Each structure stands twice: as C-alpha cells, then as structure tokens.
Amino acid sequence: GDVFENIDLTNLFVNNMYLDVPYYWGPVDPTGLYDNIADESRSFWDWGESNVLYGQWNAAVNPMEYWPYAAIRKTNMFLDAIDKTTFLEDEKSTLKGQVKVLRAKLYFDLAKRYGGVPLIISAQSLQDSLLVSRQTLDSTLGFIIRELEEAANLLPESYKSIDEDVSRWNKNSVKAFLGRVLLYNASPLYNESGDNSRWAYAAEVNRQVIESGAYSLHPSFRRIMLDKNNSEEVFSVQFRYGFREHSYDSDAQPDDRSNGWAVARSPLQEFVDAFEMSNGKAISDPSSGYDPNNPYENRDPRFKQIVITNGDEFGVHGGGISGTKPVWMYEGREETGVGNPYSTVTGYLLRKGVNEENSRFAGWSGSEQNWQELRYAEVLLNYAEAQNEFSGPDASVYNAVEQIRLRAGLIPHQIPAGLTKEQMREKIHNERYIELSFENKRYWDLRRWKVATEVLNGKRYNGMFIQQENDETPLTAYEERP
C-alpha cells in the first residue's frame, strides 16, 4: 500500500522490475546455451547443451525452462494499483506504459518457448483459483500485441537522455519491440494459415521506427557492444562496474590468459563458411576469389571482428602484460590447442563484443557491456524480411539490408539487382545469421522459420583442425572435421 502513496517509491518499484528482463551471459547463462545449441557455436563446457543436442530433454530436464510468473506478479500488482493513485496523469501513464511492456516481454519470452500459456493479468490472492487455463497461441500473442500497442500510446518518444532512452521503454523502443513480435506472429511457426496481412503489419510498424529517425547504425561494427548507450541501441539491459556485472569478457578468454572462467563459445565451421567474401559473394561462388588454402583472407570485414582464428592477435591484460598476443589453436598446442581440456572445441574463439582492454574480468564477473536486447540493425532486418515476405524485394528492402552491409565494409555493399522473393529471403536470413550472431537470435529464427529440423536435427557440425609444428613455423594444413 505505502509504495503507491509515494511517487519515488513507485519509481523504484518499476526500476526493480527492469532487473527481471533476461540477459544471456554468465552468471545467468554461463556458456551461452542458445548459441551452443544452434549452428553458431559449441562449448567445452556443458550446462545443459548436451541434453538438447542429444535430444535428452523433457519436462523434468529442460535447460530452456523459463516460468517468470513471480516477475509477472510484480507487474500485475503495479497495474492493479496505479490507476487508484493520486499521481499526476503524465506520471501514471509513463509508468503504466513501461510496466505493460515489461509484462508483455515476459509473456513473449514464454510464448517463444511454449506457444499459448496461462495469461494472468491481475495479482492473484489465495482465494482465487490458481489453476488458470492455458490460452491458445493466437490469444497469447494477440494479448501481447494489444498491450504493446496500448503502451506505445502511453509513453513519451524520448526521456531527453540517451542513457534513459536505452534503458527504459519509450514510444519508439516499444514500437521496435512490437515490430519484432509482429515478425514472429507472421512467421511460419506462428502463422499456420499463411495470413499475408500479418507480414504487412509487421513491415508497417518497423517502417515507422525507421522513419522516426530515432536510431542510426553505429559507424563501427566492432564497437557496437563496447560504446555504451549508443545511437544503435534501442533497448538494453544495463550493467555497471561495482553495481551489476557479468562474465562476457571472462567467457571469451583462451585458457592461457583465463581468470576462473574461459572458452564458453567456440564458433562452428559452418558459421565461418556463412561469411561472404569482402566483395559480397558467397565462398561457394566460383567467381568469389575464395582460396581454401588461405580461407580467412578477403572475407566480410565482420569475420575477424566476430571470430578469432589460429594465430590472431587478441587483447591480454594482467600479470604485468598489456597489449595483444596471438591465440594459438593448432592441434597439439599446449594449453590452447583445439580439443585440449578448457580449450576451443572447433579451432575458433569468439571476439564479438569482447572488451580486449578489460583487465578486471574474473570468473563470472568483471564485465559491464550492456546486453543489447534490441538494436537498430535488427529493426532494419525485421523490416526487410517482413516487406519481402509481404510483397517481394522492392527498393526499400534492398535499402534496409544494404545499409547494414555498407556499415560492415563490404565492397560493393549492394545486393545483386533483380532477386526473386526466395533469393532475397535467403540473403536476409544469412545477413541475420552474421549480423545478429551471438545475440540470442539465431535459435529462435530457425524455429520461427520452421527450418530448425532441417538445419539442426541429426547433424554433426564441424571445426577447423590446423596442423602446425610450433608457434614460429607456418601452418601446413587446414582440415575441417566434426
């Protein structure tokens, strides 16, 4: 009762709810479960991945289990009380809008996993029936969509501070999130009837976000996750040294410079093969210039910003050392060689978003990058996909995807003219695979496109096993194998 008599306490209550927005790094998700069960990476460690990869998960053993009804109860308590308060109408609507989005996000993360779920929209008492019926998928997503539409009308376009705009839901970020939900709602897994108007609505909402001018692509792909609260961030879970930390930099370390944790993700060869050449051509294209004896040369510039290959320089700090040194992952290399304990299992490690100047990582703490739940590159790709599926690859579809490829540094960044809807779909799917890699997007994309069975089922993925005498001698062979 007292909380809702004081606007400062009410604000604190809402702020506390933002702590319930999930993120996917240690300590919450130490090995990157959703990366390591898709076609992005694998890990030496096993925090439930093998249960999924070997089909040994069920209702009793489910590493993806997620039931945030305690967090939903907090949002319901707030929404039951806020209209009865004596706060100013602007204060009430801004807080109410945020909490509606927070609740919708919790329900969306449930719907992604389970389809229809019980919708509890007011705080239950002991006198209420606690056996609430499960809703259908359409009614669950319909509720989420309506809540987000209503929230967008309650919230300001900006809080006049980019730090606040990135960390708190506003009108533009809610529309961007609604654009994601609508994309899912239109996708094959959620749209069994093939209702084309769902693609149209998804495209329209994402177009509105683009045309708002509220966001722009960060000029540096490598810096997106390092420059806090930048122009590309739409909504992020916030971290700050000394208050709330995570282990992302620890997760990425090779074992010879680890500090209580290391090598959470080893990118797969299939992921590496998905990177085009710097001229925008797939490595399978005979005219691309790809050389299997020099496979990492002249690739999409994002490649070396996402993946560490054998002998690449990588930041090292601590123990009196500062700067960079090579990461050696060839077979037989002491400590860091592929297949060793606590080492890469694929011959690759992850660089994306890692702060190579961080010297304070330790175990499951010491990092403060924001978890970027939603960024503008995704909005562009969500728009491109929805518009392409609705009416084919018009100029606006090309423009949305090419903005991302231009920032990536591909020359030419343009996609070949005259593509069919199916060819453009393939381009967009691959662009998402690269651009949004290791951001907890790929697994869910494969599911919503209904291609997870074809891409993941019964498949053994490959790594790169390099033969090399020692650190000083040139490598003698590349060999891809499971």
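Keep in mind that what you see is a predicted model, and the values were worked out from it rather than measured.
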Short side-chain donor-acceptor distance under 3.5 Å, Glu49 and Ser43: no
ring-ring contact (aromatic ring centres under 6.0 Å, His included) partner of Phe438, chosen from Phe271, Tyr34, Tyr24: Phe271
Which atom of Ile306 lies closest to which atom of Ile434, heavy atoms considered: CD1-O, 3.7 Å
Passing candidate, ring-ring contact (aromatic ring centres under 6.0 Å, His included) with Tyr114, options Tyr107, Tyr66, Trp67: Trp67
More than 12 heavy atoms of other groups within 6.0 Å of Glu164 CD: yes
Glu368 side, atom CD; Leu226 side, atom CG - distance, nearest 0.5 Å: 10.5 Å
Side chain Asp285, main chain Ala282, donor-acceptor under 3.5 Å: no
Main-chain N/O of Leu374 paired with Gln372 side-chain donor or acceptor, under 3.5 Å: no
Heavy-atom pair of closest approach, residues Gln468 and Thr473: NE2-O, 3.0 Å
Candidate pair Leu102 and Val21, rule side-chain contact (heavy atoms from CB on, under 4.5 Å), full reasoning: CA-CA 8 Å; Leu102 289 166; Val21 178; 3.7 Å; yes
Donor-acceptor pair, side chain of Thr344 and main chain of Thr346, under 3.5 angstrom: yes
Criterion salt bridge (charged side-chain N to carboxylate O under 4.0 Å, His left out) against Arg425, the qualifying member of Glu389, Glu385, Glu431: Glu389
Worked check of side-chain contact (heavy atoms from CB on, under 4.5 Å) between Ile428 and Val397: CA-CA 9 Å; Ile428 292 167; Val397 173; 4.2 Å; yes
Partner set under ring pair (Phe, Tyr, Trp, His ring centres under 6.0 Å) for Phe390, not counting sequence neighbours: none
Flag for Gln269-Tyr348: side-chain donor and acceptor within less than 3.5 Å: yes
Donor-acceptor pair, side chain of Arg198 and main chain of Tyr190, under 3.5 angstrom: yes
Phe314 atom CZ, neighbour heavy-atom count above 12 within 6.0 Å: yes
Aromatic plane relationship, Tyr478 with Tyr296 - under 30° parallel, 30 to 60° tilted, over 60° perpendicular: perpendicular
Shortest non-hydrogen contact between Asn185 and Ile145, atoms and distance: ND2-CD1, 3.8 Å
Side-chain donor-acceptor pair present, Arg432, Asn382, cut-off under 3.5 Å: yes
Where Val52 and Pro63 come nearest, the two heavy atoms and their spacing: CG2-CG, 3.6 Å
Under 3.5 Å donor-acceptor, Glu232 side chain and His218 backbone: yes
Whether Trp25 and His246 hold their rings parallel, tilted or perpendicular, with breakpoints at 30° and 60°: tilted
Check against side-chain hydrogen bond (donor to acceptor under 3.5 Å, both in side chains), Asp249 and Gln253: CA-CA 7 Å; Asp249 297 322; Gln253 299 303 313; 5.8 Å; no
Glu335 atom CD: more than 12 heavy-atom contacts under 6.0 Å: yes
Donor on one side chain, acceptor on other, Gln98 and Tyr18, under 3.5 Å: yes
Cationic N near anionic O, under 4.0 Å, Arg222 to Glu356: yes
Salt bridge (Lys or Arg N to Asp or Glu O under 4.0 Å) involving Arg265 - partner list, sequence neighbours excluded: Asp35, Asp251
Donor-acceptor contact below 3.5 Å, side chain Ser266 vs main chain Val345: yes
Any donor-acceptor N/O pair, Asn36 side chain to Ala264 backbone, under 3.5 Å: yes
Any donor-acceptor pair under 3.5 Å from Trp45 side chain to Ala262 backbone: yes
Asp109/Lys112 salt bridge by N-O under 4.0 Å criterion: yes
Exam field: side chain Ser250 to backbone Phe361, donor-acceptor pair closer than 3.5 Å: no
Salt bridge present between Arg168 and Asp165 (N-O < 4.0 angstrom): no
Inter-residue atom distance Asn310.CG - Gln467.CD, 0.5 Å rounding: 10.5 Å
Pairing of Glu331 and Arg481 as salt bridge, 4.0 angstrom limit: yes
Trace of the salt bridge (charged side-chain N to carboxylate O under 4.0 Å, His left out) decision for Lys441 with Glu40: CA-CA 10 Å; Lys441 304 292 188 294; Glu40 291 175 292; over 6 Å; no
Closest non-hydrogen atom pair, Lys175 against Val205: O-CG1, 3.3 Å
Salt bridge (charged side-chain N to carboxylate O under 4.0 Å, His left out) evaluation trace for Arg207 with Glu204: CA-CA 5 Å; Arg207 182 191 291 112; Glu204 176 56 32; 2.5 Å; yes
Given Asp471, Asp256, Asp255, the one that forms salt bridge (charged side-chain N to carboxylate O under 4.0 Å, His left out) with Arg333: Asp471
Neighbour count above 12 (heavy atom, 6.0 Å) for Ile162 CD1: yes
Interatomic distance, Asn399 atom CG to Gln387 atom CD [nearest 0.5 angstrom]: 12.0 Å
Lys/Arg-Asp/Glu bridge criterion (N-O < 4.0 Å) met for Glu435, Arg375: yes
Glu192 CD: over 12 foreign heavy atoms closer than 6.0 Å: no
Where Ile144 and Ala111 come nearest, the two heavy atoms and their spacing: CD1-CB, 4.4 Å
Distance-only donor-acceptor check, side chains Asp394 and Ser396, under 3.5 Å: yes
Atom pair CD/OG of Glu245 and Ser367 - distance to nearest 0.5 Å: 8.0 Å
Cation-pi, Phe221 ring and Arg407 (6.0 angstrom, 45 degrees): no
Value rounded to 0.5 Å, distance of NZ in Lys352 from CD1 in Ile224: 7.0 Å
Between Ser231 and Tyr376, a side-chain donor and acceptor under 3.5 Å: no
Euclidean distance, Asn279 CG relative to Arg299 CZ, rounded to 0.5 Å: 11.0 Å
Tyr215 side chain to Ser173 backbone, donor-acceptor under 3.5 Å: yes
Phe239 vs Trp371, ring pair (Phe, Tyr, Trp, His ring centres under 6.0 Å): CA-CA, chis, key distance, verdict: CA-CA 8 Å; Phe239 291 87; Trp371 170 261; 8.9 Å; no
